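All remarks here apply to the structure that follows.
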2 protein chains.
Amino acid sequence: MQDTTTSLWETSVGSDPAFLLARANALSLADAAAALASHGLKVRSYSVLALACGDLRPTQRELSEFLRLDPSQVVSLLDDLERRGWVSREPDPRDRRVNVVVATAAGRTACARAREAVEAAQRAHFAVFDDEEFDTFTALLRRLAIGP
Amino acid sequence: MQDTTTSLWETSVGSDPAFLLARANALSLADAAAALASHGLKVRSYSVLALACGDLRPTQRELSEFLRLDPSQVVSLLDDLERRGWVSREPDPRDRRVNVVVATAAGRTACARAREAVEAAQRAHFAVFDDEEFDTFTALLRRLAIGP
DNA sequence: TATTGTTATACTCTATAACTATA
DNA sequence: TATAGTTATAGAGTATAACAATA
């Protein structure tokens with residue numbers, strides 16, 4: 001039985017780059033989720049928090065576009081982060097429809113701790129590569145990710 | 001506004017390999033889904049059908065393990081494919097608990113057509129790479145995808 | 001009239017446990 | 001007792017449309 005499962009890797013599906021991409025992402029996502037769980041974060045909420053910790057002061061709309069989430073999903077992620085005091089919505093004086101999202105001091109602390117955990121998980125995940133391979137892979141991946 | 005969204009790529013999130021992997025996968029998945037839609041298939045059902053078209057005669061359990069789907073998900077995918085006459089569950093004479101999944105003639109035809117569409121979409125998606133870059137990327141990705 | 005954020009809703013996906021029939 | 005497949009169900013994730021406030 002194990003033989004057959006293993007040999008499925010030799011099929012057209014097993015060498016399909018899209019399939020490999022999906023699998024690699026699933027493994028990476030599972031690692032990240034596990035690393036974040038003890039910090040009370042999921043991958044999505046961590047992404048939002050991390051962007052709120054930068055000094056770019058993104059609007060909800062910008063978070064939505066960059067993370068490819070529906071605006072309504074950003075709302076509920078922010079509701080959650082704001083309830084915990086990690087993020088605040090600040091009105092933009094130049095356009096009163098707009099909220100700018102910024103992390104609080106507590107949010108920055110939480111994010112820094114979470115980031116350590118995620119990065120450790122990632123180092124383990126990418127340990128199959130040496131430094132040069134890692135750089136090559138990331139550079140190519142970046143071009144693919146930025147897309148059209 | 002566009003400026004800020006674009007410059008989010010310069011943040012730590014924007015250069016995070018896990019984030020790039022997720023994004024590249026999302027783009028690839030969307031392309032594949034669009035290509036398969038007119039063939040009445042989704043990415044999941046196509047994967048199952050494609051594996052059923054090989055000559056390995058996988059069991060449901062093997063499909064479940066290889067595709068990292070819960071056995072119950074495989075059941076409903078097969079129900080759907082079987083209803084359309086593209087796949088059949090054959091009892092394994094050596095163990096009557098086991099079903100072996102094989103594509104019908106109609107299933108092979110459908111799969112071949114769908115495969116053309118997916119592969120065309122993928123060629124477009126990976127057109128950011130030249131041949132050498134594609135091979136390098138795929139080889140590295142494969143090691144990452146097979147994992148531990 | 002168009003856009004930002006919000007609410008509500010439904011649909012897909014995923015995870016879990018319990019059941020059956022075989023081993 | 002353990003395993004393959006099945007059923008049922010609940011939770012998470014995703015997509016959509018309608019709405020109020022503002023531009």
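Here the structure is a predicted model, which means the values were calculated and not measured. Reminder, nothing fancy here: chain letters follow the sequence lines and each chain counts from 1.
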| request: Would you check if B/V74 and B/V48 make a side-chain contact, meaning some heavy-atom pair closer than 4.5 Å? | output: no

| query | Under 3.5 Å, side chain of A/S28 to main-chain N/O of B/A18, donor-acceptor pair present? | reply | no

| Position toward the 5' end of DNA chain D (nearest nucleotide), B/N99 or A/R96 | B/N99

| task | Using only side-chain N and O atoms of A/R97, determine if any of them is under 4.0 Å from OP1 or OP2 of D/dA20. | result | no

| task | Would you kindly give the CG-to-P distance between A/D70 and C/dA10, to the nearest whole Å? | result | 17 Å

| Is there a donor and acceptor pair, one atom on the side chain of B/S72 and one on the base of C/dT16, closer than 3.5 Å? | yes

| request: Round to the nearest Å and state the distance from A/L63 atom CG to C/dT4 atom P. | output: 13 Å

| remark: B/Q60 atom CD is separated from C/dA21 atom C1', nearest whole Å, by 14 Å

| Taking all non-hydrogen atoms of both residues, which atom of A/L49 and which atom of A/L81 are closest, and how far apart? | N-CD1, 4.1 Å

| task | Could you say whether A/R61 or B/L69 is positioned toward the 5' end of DNA chain C, judged by the nucleotide with the nearest heavy atom to each? | result | A/R61

| request: Kindly point out which of D/dA15, C/dT16, C/dT14 is positioned nearest to the side chain of B/Q73? | output: C/dT14

| message | Could you walk me through whether A/T4 and B/R57 satisfy the side chain to side chain donor-acceptor pair (under 3.5 Å) test, starting with their C-alpha distance in whole Å, then the side-chain angles of each, then the deciding distance to 0.1 Å, before giving a yes or no? | response | CA-CA 9 Å; A/T4 304; B/R57 304 172 62 82; over 6 Å; no

| C/dT14 phosphate, OP1 or OP2: any side-chain N/O from B/R44 under 4.0 angstrom? | yes

| query | Would you call B/R96 and B/D92 a salt bridge, using N to O less than 4.0 angstrom? | reply | no

| Could you give the CG-to-C1' distance, from B/L78 to D/dA4, as a whole number of Å? | 13 Å

| Could you give the CG-to-P distance, from A/D79 to C/dA8, as a whole number of Å? | 12 Å

| query | For C/dT6, does either OP1 or OP2 sit under 4.0 Å from a side-chain N or O belonging to A/R89? | reply | yes

| Rounded to the Å, how far apart are A/L77 CG and C/dT7 P? | 14 Å

| remark: Considering only heavy side-chain atoms of B/V75, the closest of D/dT16, C/dT14, D/dT7 is D/dT7

| query | Expressed in angstrom and rounded to an integer, what is the separation of A/L29 atom CG from C/dA15 atom P? | reply | 10 Å

| request: With the side chain of A/D95 defined as its heavy atoms from C-beta on, choose the nearest nucleotide among C/dT14, C/dT22, D/dT22. | output: D/dT22

